Amino acid sequence: MNTVRVRFAPSPTGGLHIGGVRTALYNYLFAKKHNGTFIIRTEDTDQTRFVKGAESYIFDALKWLGITADESSEIGGKHAPYRQSERKKMYKQYAEELVEKDFAYYAFDTSEELEEMRKRLEQAKSKNPSYNAITRSTMRNSLTLPEDEVKTLLENGTPYVIRLKMPRKDEIRFQDIIRGWVNVHTATLDDKVIMKSDGMPTYHLANVVDDHLMEISHVIRGEEWLPSAPIHVFLYQCFGWEMPQFAHLPLLLNPDGQGKLSKRKAAEYGFPVFPLDWFEQETSNIIQGFKEAGYLPEAVNNFLALLGWNAGDHQEIFSMEELIEKFSLERVGKAGIKFDINKAKWFNQHYLRQKSDKTLVDYLKNGLKTQNLGENLSDEQAIIICQMMKDRATFPDDFWKEAIYLFKTPDAYNEQAMAKNWNEESKNFVKSYLDFLKNYTGEWHHEPLKHDLHTLVEQSGLKMGKVMPAVRLGLSGVSAGPDLAMIMQIIGKEESIKRLESIILV
Ligand code: GLU
């Protein structure tokens, strides 16, 4: 394979959607696998949609995930600048080259004239109501107006756009690595504007010119860009440039399989769609990101890598190095993929369990600090707690959130659990257990405590499942959690007795 140069080309129009992150990741993996170059190009030609802070957000998000660029507006590179707004002057000559070659033309139509055309086509129930190979002949452009009039209009500074002259009857064919051959008839395409009246190129022109100038070998992007690909292919043909290879990635779908994964649906289901917290200007809301929700970067990468790419065997856990080694576009499928947040949680759990004791202790201690709790917690104690909570934690915060009762006497009992488990029988058992604890002289350690508790239950003739939840409620306020005897060991004798005394008053 020739030198691989790929690009992630986001438009800074808002928070970077997680689908965009996957596109960046696939580009990155592909580049690294082939010892190639991964470029981030900022496509900000549409100034009306530009959102302040969006570009730096993209960089921050990708850095968090370790998806680092070899060339970008941030670090520069041999084809700088990498921000299209700063390359503005470069595009005009290419648009004009196409006019000269008769692949494009000047169009002087005013917005009223365009509106009139739209109405006319609507009334005529046109199948392709657009500015195209047929309708262009009825409009005011350099193909219909006399040459000297065009010249005068241009000299007088009359506003114009440059449109691509799509052939009326032709077929555009190209091979997509993921989709195979794609054929599109030009009759279904319109005469796209490639240069706007303010001198700014549109997406199509800027994208193709930059891919060419930046020597992009593979265009790897989301399926939503597939309809644009024939226009791009046509542009390459018009310029006589060698084309990059295309790979259009499958869509990420909502969990119910209905439509493209949306911010709205994600909010409904309660999971993030942005990598980092995103401040939404329109609503002044902060939309929580994967990072702030407690996802680890390695889990997000692993999860995203498998949303579209089929590793080929049963392996699911991949480090970034392994992904780089094994990734291939040939194993990316065409079908849209339902977004399953439980899978992301599963990966998070996995990577959380790989963390060192020190990291887990930091999660616990930092979290407790935010609650003004656990000042006297020793490292030894903290390690015991982390080990105990490890199997129950999905997110770093779970180490303290799910174990908060180890540091604070519960101020309420879970109502449902009380309704289910708190009755005369369980209350009597707790009373007798309390008497036992008050007279307990053995070592305050989970092993003997557990043994004695079990013996007492057996002697009472009651079922474990009937009375244990009641003891647990008294100690923790909730009905599920780690080993009861461990909880008692950690909170100590005095506190255990105090808590059980409180619940029997209920
Ligand atoms: N600027 C486009 C976007 O926002 C780039 C599409 C492409 O990769 O060509 O995704």
Side-chain angles (χ1 to χ4, degrees), residues 4-31 36-51 53-59 61-62 67 69 71-73 79 81-88 91 94 164 174 176-179 182 192-194 196 200-236 241 243-252 260-263 273-275 278 304 308 329 332:
V4 165
R5 288 179 58 83
V6 293
R7 85 306 190 272
F8 174 54
S11 299
T13 55
L16 175 63
H17 191 277
I18 200 73
V21 179
R22 186 202 50 176
T23 302
L25 175 66
Y26 281 21
N27 273 284
Y28 174 81
L29 295 177
F30 186 75
T37 305
F38 171 59
I39 298 158
I40 299 180
R41 185 175 68 226
T42 308
E43 300 211 323
D44 57 348
T45 52
D46 191 351
Q47 292 292 323
T48 57
R49 295 180 61 217
F50 179 79
V51 172
E55 190 194 29
S56 54
Y57 175 88
I58 293 168
F59 285 122
L62 296 181
I67 305 173
E71 297 172 20
S72 74
S73 67
H79 293 294
Y82 289 88
R83 209 175 271 136
Q84 286 185 330
S85 57
E86 289 166 20
R87 304 169 64 80
K88 186 178 160 186
Y91 306 108
Y94 292 101
L164 207 50
F174 66 96
D176 185 283
I177 299 175
I178 297 169
R179 282 146 218 283
V182 179
K192 283 273 176 283
V193 172
I194 53 172
K196 293 181 280 188
M200 270 293 209
T202 59
Y203 156 68
H204 301 293
L205 181 71
N207 188 270
V208 166
V209 166
D210 283 347
D211 281 349
H212 169 70
L213 295 177
M214 294 181 181
E215 304 168 274
I216 298 301
S217 60
H218 296 76
V219 168
I220 306 168
R221 61 185 171 195
E223 184 179 332
E224 60 272 37
W225 301 101
L226 190 59
S228 300
I231 300 156
H232 300 176
V233 171
F234 180 64
L235 279 167
Y236 282 104
W241 293 337
M243 226 165 47
Q245 291 196 59
F246 289 100
H248 287 91
L249 306 174
L251 287 180
L252 297 186
K260 196 173 146 186
L261 177 63
S262 70
K263 196 170 71 182
V273 272
F274 293 133
W278 171 250
L304 289 180
L329 287 172
V332 175

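Whatever order the structure lists ligands and atoms in, that order sets their numbers, starting from 1. Any value given below was found using the heavy atoms of this structure, including those in side chains, with hydrogens, waters and symmetry copies removed. None of these values were measured; they are calculated from a predicted model.
For atom 5 (C) of ligand 1, the closest non-hydrogen atom on the protein side is Ala9 O, 3.1 Å. What sits closest to atom 4 (O) of ligand 1 on the protein, heavy atoms only, is Ser11 OG, 3.1 Å.
No donor-acceptor pair closer than 3.5 Å links the side chain of His248 to the backbone N or O of Arg179.
In this structure the side chain of Val332 never reaches within 4.5 angstrom of the side chain of Phe30, judged on heavy atoms.
When each atom of ligand 1 is checked for a heavy atom of Glu43 under 4.0 Å away, the hits are 1 (N), 2 (C), 5 (C). Residue contact check: Asn207 has heavy atoms under 4.0 Å from atoms 7 (C), 9 (O) of ligand 1.
For Phe8, the heavy-atom gap to ligand 1 stays at 4.0 angstrom or more. At least one heavy atom of Arg7 sits less than 4.0 Å from an atom of ligand 1.
Residue Gln84 forms a side-chain hydrogen bond (donor to acceptor under 3.5 Å, both in side chains) with just one option from Thr42, Asp44, Asp210, and that option is Asp210.
Put simply, CD on Glu55 and CZ on Phe59 are 4.5 Å apart, with the number rounded to the nearest 0.5 Å.
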So Ile220 and Tyr28, side chain to side chain contact (heavy atoms under 4.5 Å, CB included) or not? Walk me through it. CA-CA 10 Å; Ile220 306 168; Tyr28 174 81; over 6 Å; no

